[in-house]
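First up is the structure itself, then whatever we jot down about it.
Computed over heavy atoms, backbone and side chain alike; hydrogens, waters and symmetry mates excluded. One-based numbering, in listed order, for ligands and for the atoms of each.
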Amino acid sequence: MKKLFLMKDKISIVGAGLVGSLLAVILKQKGFNVQVFEKRKDPRKSEVAEGRSINLALSRRGILPLKMAGVYDTIEPYLIPMKGRMMHDEAGELTFQPYGKEGQFINSVSRAQLNELLIENAEKAGVEVHFDHKCTDVDFESSVLHFQNGKSVQSDLIVGTDGAFSAIRKKLQFTDRFNFSQHYIEHGYKELCIEPVDGKFQMEENYLHIWPRGNFMLIALPNNDGTFTCTLFFPFEGSPSFAELNTKDEVNAFFDKYFKDAKDLIPDLADEFFTNPTSSLVTTKCEPWHKNNTILLGDAAHAIVPFYGQGMNSGFEDVRLFVEMAEEKNWMWDQILPVYSSTRKKDADAISELALHNFIEMRDHVGDPDFLRRKKLEAQIQEQYPKEWIPLYSMVTFSDLPYSEALRLGKIQKKVMDEFLNQNEEINFSEVIARFNTLKKVD
Ligand SMILES: Cc1cc2nc3c(=O)[nH]c(=O)nc-3n(C[C@H](O)[C@H](O)[C@H](O)COP(=O)(O)OP(=O)(O)OC[C@H]3O[C@@H](n4cnc5c(N)ncnc54)[C@H](O)[C@@H]3O)c2cc1C
């Protein structure tokens, strides 16, 4: 039976971050009565942004839902395309590695700017966004949210998009048979800024710059004000580590040794190093993502480390898949929530695994001759067999194949490459494809 009077369904979204704001736009367009509750003040009115000053890589999985919401046109002008990785070795020599085929790129965007644009779009669509509303409790039986300011709100559907340390998820942890795990990696991160000179970028802007150094790395993404946001991913303990850098001299000596060309572009590097916070990186997993009429999406359901640039993209993809499934099931929340929660989980687990693995690739392998040879070979195979062989990075970044399938195929590709590279003979690409196709059916 077709559900009538969608507008009567009251939907409350907790968290006006990236995922919550986008979901609000789409559900409002579908005709629902949508309210968003955000613990922060309105970022458009605060003088100091409360969110982190990070920029993010936006790619296909994130772009599709933005287009579905009809808001991509308002965001596109703020994007800076990045065609590939620009690797900096210790001598300052540069090597370029494209992300995909000619014409394929990812996009650098300021998280704060994107968030403000999405909130703006939500309000334009007619969504009520309530700032200064910190959710403190939820009653899953009556679908009632409670806020720090004493307010309580009853809804037909509650969506927790309140990020990696979700209050809704914390409450789920007290329910029966709810599983939760969190894991901090041994590395933290610190942001630094390369300012423009005469209003111009100090490095080529259409690349993600990367200084891979074995157990640690520095990366830099361009911003549309001419700056680069640099992020140092570095162990908290050990040698070298954050624990060893306690004075300006130690910081300067460390950067002189490992990142000389970057250091030369940041005159007040040591001051910035001690002013900016050192933050940690966590992976969280939980299941089920729902209880009665409440569901988690985005980081609240699955926070991942940032090394595949897929945290936000996967959260936006959650929105698209959730809405598509809801529409297909005629907005019957009791039928949608359990199915969505169980079908999407394997993909969240897959991107979580891929993100952790990509850290090793970025910091350790991207400058390695064997790795570069594999990449080159893969590109050649793809050129000859574009439909049969799509490199793992492209499956994750430039397609909307389920993450779990990309992970499965990527593992088979690695196995096939290992076999052929060990043969010491000239590699016959048609044999590579034949072997890949055989294993694809079996594994
Ligand atoms: C260093 C770094 C680099 C990254 N790079 C990338 C990248 O390149 N590409 C990419 O796709 N992803 C990247 N990510 C991940 C990305 O930032 C997150 O996946 C994304 O922000 C998740 O969006 P979200 O809306 O689920 O959560 P958030 O953006 O965290 O939003 C949650 C919102 O909920 C609000 N909130 C929290 N608690 C409450 C409460 N109790 N009541 C009401 N409101 C509440 C918060 O204030 C916030 O506004 C990166 C992350 C980090 C840390």
Note: ligand 1 atoms sitting under 4.0 Å from heavy atoms of Gly298 are 26 (O)
For Phe37, the ligand 1 atoms whose distance to one of its heavy atoms is below 4.0 Å
43 (C), 44 (N)
What's the separation between atom CD1 in Ile219 and atom CZ in Phe233, rounded to the nearest 0.5 Å?
4.5 Å
Salt bridge flag under 4.0 Å for residues Glu317 and Arg344:
yes
Is the closest basic N to carboxylate O distance between Asp400 and Arg61 below 4.0 Å?
no
Counting only nitrogen or oxygen atoms and a 3.5 angstrom limit, does Ala164 reach ligand 1?
no
Does Glu116 use its side chain to pair, donor to acceptor, with the backbone of Gln113 at less than 3.5 Å?
no
Would Phe37 and Phe147 count as a close aromatic pair, with their ring centres under 6.0 Å?
yes
Short list, please: which atoms of ligand 1 are under 4.0 Å from a heavy atom of Gly309?
7 (C), 8 (O), 9 (N), 10 (C), 11 (O)
Going by the ring pair (Phe, Tyr, Trp, His ring centres under 6.0 Å) test, which pairs reach into residues 152-188, not counting sequence neighbours?
His187-Phe359
Is there a nitrogen or oxygen of Lys134 sitting under 3.5 Å from a nitrogen or oxygen of ligand 1?
no
Which one holds for Tyr189 and ligand 1: side chain close, backbone close, both close, or neither close, with close meaning a heavy atom under 4.0 Å?
side chain
Between ligand 1 and Leu297, is the shortest N or O to N or O distance under 3.5 Å?
no
Centre-to-centre under 6.0 Å for Tyr258 and Phe216, is that the case here?
yes
With a heavy-atom distance limit of 4.0 Å, tell me whether Arg111 approaches ligand 1 through its side chain, its backbone, both, or neither.
side chain
Compute the shortest N/O to N/O distance between Ala57 and ligand 1 and return yes if it is under 3.5 Å, no if not.
yes
Val19 to ligand 1: N or O pair under 3.5 Å?
yes
In this structure, is the centre-to-centre distance between the rings of Tyr207 and Phe96 below 6.0 Å?
yes
List ligand 1 atoms under 4.0 Å from Met312, heavy atoms only on the residue side.
10 (C), 11 (O), 12 (N), 15 (C), 16 (C), 18 (C), 19 (O)
Taking distance alone, with N or O pairs closer than 3.5 Å, would you say Asn313 contacts ligand 1?
yes
Answer yes or no: does an N/O atom from Arg40 fall short of 3.5 Å to an N/O atom of ligand 1?
yes
Qualifying residues under side-chain contact (heavy atoms from CB on, under 4.5 Å), relative to Asp264, sequence neighbours excluded
Lys260
Which of the numbered atoms in ligand 1 are below 4.0 angstrom from a heavy atom of Gly15?
33 (C), 34 (O), 35 (C), 44 (N)
Salt bridge flag under 4.0 Å for residues Glu120 and Lys124:
no
Within this structure, what is the CG-CG distance for the pair Asp349 and Leu407, rounded to the nearest 0.5 Å?
10.0 Å
With respect to atom 38 (N) of ligand 1, which of Leu23, Ile106, Val14, Asp162 exhibits the smallest heavy-atom separation?
Asp162
Ring centroids only, cut at 6.0 angstrom: are Phe228 and Phe201 within range, meaning strictly under it?
yes
State the atoms of ligand 1, each with its element, that fall below the 4.0 Å cut-off from a heavy-atom position in Ala167.
41 (N)
Kindly identify the option in Glu191, Glu38, Arg169 whose heavy atom sits closest to atom 48 (C) of ligand 1.
Glu38
Cys135 contact mode with ligand 1 (heavy-atom cut-off under 4.0 Å):
both
Heavy-atom contact check, 4.0 Å cutoff: does His133 meet ligand 1?
yes
Subset of ligand 1 atoms that lie under 4.0 Å from at least one heavy atom of Thr161
32 (C), 33 (C), 34 (O)
